[in-house]
Amino acid sequence: MTDYNTNWHLDTQLIHEDRSARSRYQTGTPTVQPIHASTTYIHESCEALDQAFSGKTPDGDAAFVYARQGNPNAQTLEDALARAERGVGAITFGSGMAAINAALITAGLTSGTKILASKDLYGPSIGLLQAHYIPNGVEVILKDLCVPEVGAIIREEQPDVVYLETISNPLVKIADLDAISAAAQEVGAITVIDSTFATPYLIRPLEHGFDLVVHSTTKYISGHGDSTGGAVISSKNSLMGNLRTNANLLGAMLSPFEAHLTMRGLRTLALRMERHCSNANQVAAFLSEHPAVECVHFPSLASHPQHELAKRLISQGRYGGLLSFELKEQNQEAVYRFMNRLQLCLPATSLGDVFSLVSYPPMSSHRTLSDKERRNLGINPGCIRLSVGIEHIDDILNDLDQALRG
Ligand SMILES: Cc1ncc(COP(=O)(O)O)c(C=O)c1O
C-alpha cells in the first residue's frame, strides 16, 4: 500500500496525512494515528537515546525524547501543515498567540530591531508588541499595509521584520503579498504573515515569497470549535532550527490531544472552505441589498477596494468565509438588538468554525481601543463581524433577515 503520494491534490493530501505516521501492530494497523499521551520516551540503548535528543533517528525519521520538545501527534500535524503551505517545516503551538510570539522571536525581534506591522492586526497581536516588544527596545511602526503603495512604505521604513495578516480583521482587507515580499527582500527584512483567515486552501503566502506563515489553528484548520492551537511554517531551513529551539524554550507546545483533534479537522478543510466561501459570497450579496444594512465589507463585491487583488490572489470566486457589515443604525443598542435576536448564528467570539458566529469588534477583538481609535481604523459603531458557517444557506439568510428586521 502506498504510504503517501506527493502528487495528490491538497484535498486528497489532507485526508491521507496519517499514512506517513502509521504504526504497524500485529493485530492490525490503525488507519488513524493513536493519541500518544506519553511525556517521555525510551529507546533501545543509551546510544539511541543520545541520538534521539537530536530530534532525528539515524535514518532521518523524527525521534522523540520528551513531549514538550515534540510528540508524534504534533509531528504528524506539523508535517501536514508544512506540506499544505509548501514550507520546509512547521512547528505547532498551544495557541495562535504562542505561534505569533515564537515567529516574531525567530524573525529576530530583539532590542534595536525595527518591525513594520500592519495597523489592522488582530488586537492581541498589537497588544503583544506593545506589552512585550516595545519595552524591550523593539521599534514598532504600525501602518496600513493593504494600500497600493505598500512597496514604497517598506523601502522608506527599511524594517528588519514585516508582519501582517493575509486578510484583515474585521474589514477583510487583502494584502498584496507579491509587492510586500519583493520590497522586503530588497531591504533585507524577514516577512511574517498571519494567514489564519485564508488557510492554505485559499492562499499559500510562502509561494509568494514570505519567510514565515502563522496560523491560529483554533479557527478554520481545526474548524469545529473544540481545540485551541497555533502553527508556524517556514520557507527556509535556516529559520527552522531557531524556530524549534524557541518553541522548546517558550514551552507552548501543542498537546497530543489537541494535535489529534486538529488533524481530524484538517482532513475536511477543503470541503469546509468550499462551503464557507460559497455561503459567504451569498450572504455578502444578500446583506448588500438589505434595507437595514449600510454597507458590507467583503472582497467578492465589486465595491471592495481590493476586489481585483483578491481575484488575482485567490482563484475561482473564493474570498474566504469571514465578512463584516455595518447597520444603518450606527450604534451599540441596534447591534445588541440584532445579536440578541439571532436564533441560528451564535453571538460568540472566534471564527472559522462549522457554525456561523457573530461578534461585535468593540466588545471583542477591538475592545481595548477607544471609539476614536476604532473609527480611525474604519471600524464604525454599527460594524458587525460574521464568520459564515457551513449550515444550509437558506437557514443562515433567514436568520439574518429576521434579526435585522426586529
Ligand atoms: C488573525 C488571528 N491571529 C491569531 C489569533 C490568536 O489565536 P489563538 O486564539 O488561537 O491564540 C486570532 C484569534 O482570534 C486571530 O483572529
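All ligand and atom numbering here is 1-based and tracks the order in the structure. We use all heavy atoms of the structure for the numbers below, so side chains are in, but hydrogens, waters and symmetry mates are not.
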Using a strict 4.0 Å cut-off to heavy atoms of [X], name the atoms of ligand 1 that fall inside it.
| X | value |
| --- | --- |
| Ser216 | 4 (C), 5 (C), 7 (O), 8 (P), 10 (O) |
| Ser95 | 10 (O), 11 (O) |
| Phe197 | 1 (C), 16 (O) |
| Gly229 | 10 (O) |
| Asp194 | 1 (C), 2 (C), 3 (N), 4 (C) |

Problem set entry | Min N/O separation Ile100 to ligand 1 under 3.5 Å |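 No: no nitrogen or oxygen of Ile100 is under 3.5 Å from one in ligand 1.
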For this session: Could you tell me whether Arg267 and Glu17 have a side-chain N and a carboxylate O separated by less than 4.0 Å?
Result: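 So Arg267 does not pair with Glu17 through a salt bridge.
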Problem set entry | From CA spacing to verdict: side chain to side chain contact (heavy atoms under 4.5 Å, CB included), Arg385, Leu351 | CA-CA 9 Å; Arg385 190 183 84 177; Leu351 63 118; 3.5 Å; yes
Problem set entry | Heavy atom of His215, distance to ligand 1 below 4.0 Å |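 False for this residue.
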For this session: Using the test ring pair (Phe, Tyr, Trp, His ring centres under 6.0 Å), find all partners of His290 that sit at least two apart in sequence or belong to another chain.
Result: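 Only Phe286 meet the ring pair (Phe, Tyr, Trp, His ring centres under 6.0 Å) criterion with His290.
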Exercise. Given Tyr220 and His276, is the ring-ring contact (aromatic ring centres under 6.0 Å, His included) satisfied, shown in steps?
Worked result: CA-CA 10 Å; Tyr220 290 104; His276 281 298; 5.0 Å; yes
Exercise. With backbone taken as N, CA, C and O and side chain as the heavy atoms from C-beta onward, which portion of Asn169 lies under 4.0 Å from ligand 1: side chain, backbone, both, or neither?
Worked result: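 Neither; no heavy atom under 4.0 Å.
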Problem set entry | More than 12 heavy atoms from other groups under 6.0 Å of OH on Tyr336 |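 Result for OH/Tyr336: enclosed.
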Exercise. Taking atom types as modelled and ignoring hydrogens, do the side chains of Glu373 and His366 form a donor-acceptor contact shorter than 3.5 angstrom?
Worked result: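 Not at all, the side chains of Glu373 and His366 share no donor-acceptor pair under 3.5 Å.
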